[in-house]
Amino acid sequence: MTIKEICERFRICGDYTACTQINNGIINKSYLVTYRCDGQERKYLVQRINRAVFRRPDKIMQNVVGVTEFIRAKMLAQGIDPERRVLKYAETADRKNYVLDSEGNYWRLYNFIDDSVVYDEATDAEIIEQVGKAFGEFQNYLSDYDAGSLYVSIPNFHNTRRRYDLFYEAVMVDAEDRAGKVKREIDLCRSHETLATKLSIMAENKEIPLHVTHNDTKSNNVIFDREEKKALAVIDLDTVMPGLVAYDFGDAARFICSDAPEDELDLSKVKFNLEKFRALTKGFVGALKGRLTPIETDTLALGVYTMTVELAVRFLTDYLNGDTYFSTNYPGHNLDRAKCQLALADSVYGKLDAMREIVREYAK
Ligand code: GN1
Ligand code: MG
């Protein structure tokens, strides 16, 4: 099916005029489509859900529609116009929020939030604070959402202990005969294991409460207004599942508080930046004030280290498995990503005490 044919299955106003592929995320494929409706241009985002990653896209859609409609209702009740603040998924004639094409792919369509930008990186403290605030508020909106009703889209997604098990399996199987070349990185991952698996073990032992969390809190999953430095909406909700506050905070920090991109080759540039961290903490912890338990506050900094190591382990596992999970731009991309996250983990580790101090300051 063509993108146009897919769009035509959704109940949206007007005629299809154009389509361009856009790059957002390394899991799903996205297209920006333009429609003409009553003489006006309308934009939508059409997305093909990655079937290898998400086994039941129909259930994912139940999650994301459930969550977005819940947030929309709250916004309306608070007198906030939800138009540019939360995604609105279109329906087909038979009231489904997806189209299943002849090849078995699932597609969804939602309103594109116009005059907006996302930030893959930021040095501006105001923007970073807004990223933190957006993810903190997202958790606030969902604090009374029925977690039990959520389909677990990727079981053990942030179970770092389990990620290590899969990693060791990949090292053993060594499907692509690559383990010999990356002994150093394998050993580095191993050196982080005890501390990086601490949170997942505490979670398993129910020492830290679970909430409805986003679980993929890269800054480019927050839509900003193009003109004002204001976060509008949180997107990419496929991994909304019960999780730890520290996962969301940690993943956001490892991404936006690094001084280099996630796959930087020059490792001397890969440093965790405490000023950026202060801004993120101000936004995130500020939004969740009064809701965080003491143990949650205590584990936020560890969450940053954990998420950084976990992603290093995931990238290296995928490299060993033959790059079957993350999409890559060149051979060895996943290995470069892993090296970068390992360098970042070292930098984070050296700053944990200072980070705890900053978290405490804003949690007061
Ligand atoms: C993936 O799709 P995207 O780019 O938002 C991944 C995250 C990783 C991230 C690393 C479902 O997110 O967990 O942190 O890549 N999402 C999934 O860039 O695995
Ligand atoms: Mg994603």
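These values consider heavy atoms only, across backbone and side chains, with no hydrogens, waters or symmetry-generated copies. When a ligand or atom number is given, it counts from 1 through the structure's own listing order. In this chain, numbering begins with 1 at the start of the sequence shown. This one's a predicted model, so the numbers in the text were calculated from it and none came from an experiment.
- Inclusion of Asp236 in the set of residues having an N or O under 3.5 Å from an N or O of ligand 1 is warranted.
- Between Arg9 and Glu5, none of the side-chain N atoms (NZ, or NE/NH1/NH2) sits under 4.0 Å from a carboxylate O, so this pair counts as no salt bridge.
- Considering OG1 of Thr306 and CG of Asp251, their distance stands at 11.0 Å, rounded to 0.5 Å.
- Between Tyr325 and ligand 1, a contact under 3.5 Å exists for at least one N or O pair.
- Heavy-atom distances between Met307 and ligand 1 stay at or above 4.0 Å for every pair.
- The heavy atom nearest to atom 1 (C) of ligand 1, considering only Ile154, Asn50, Ile27, Asp251, is found in Ile27.
- Close to ligand 1: Phe326, with a non-hydrogen atom less than 4.0 angstrom away.
- Using a 4.0 Å cut-off between a side-chain N of Lys or Arg and a carboxylate O of Asp or Glu, Arg278 and Glu361 qualify as a salt bridge.
- Residues Glu262 and Arg254 are paired through a salt bridge, judged by an N-O separation under 4.0 Å between the basic side chain and the carboxylate.
- Scanning Lys218, Gln341, Arg314 for the heavy atom closest to atom 9 (C) of ligand 1 points to Lys218.
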Are His333 and Asp263 close enough, and set up right, to give a side chain to side chain donor-acceptor pair (under 3.5 Å), and what steps lead you there?
-> CA-CA 8 Å; His333 197 177; Asp263 54 357; 2.9 Å; yes
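- Proximity of Glu310 to ligand 1, defined as any heavy-atom pair under 4.0 Å, is not found for any part of the residue.
- Across the listed options Arg337, Glu262, His158, Arg254, Arg254 owns the non-hydrogen atom lying nearest to atom 14 (O) of ligand 1.
- With respect to the salt-bridge test (charged N to carboxylate O, under 4.0 angstrom), the residues Arg360 and Glu357 qualify.
- Under a cutoff of 6.0 Å and an axis angle of 45°, Arg314 and Phe326 do not form a cation-pi pair.
- If you look at Leu311 next to ligand 1, the close heavy atoms, those under 4.0 Å, all belong to the side chain.
- Of all the heavy atoms of Asn215, none lies under 4.0 Å from any atom of ligand 1, so neither backbone nor side chain is involved.
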Go through the steps for Asp225 and Arg84 under the test salt bridge (charged side-chain N to carboxylate O under 4.0 Å, His left out), then give the verdict.
-> CA-CA 9 Å; Asp225 185 89; Arg84 302 178 76 218; 3.0 Å; yes
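- Contacts between Asp216 and ligand 1 below 4.0 angstrom, taking non-hydrogen atoms only, involve the side chain exclusively.
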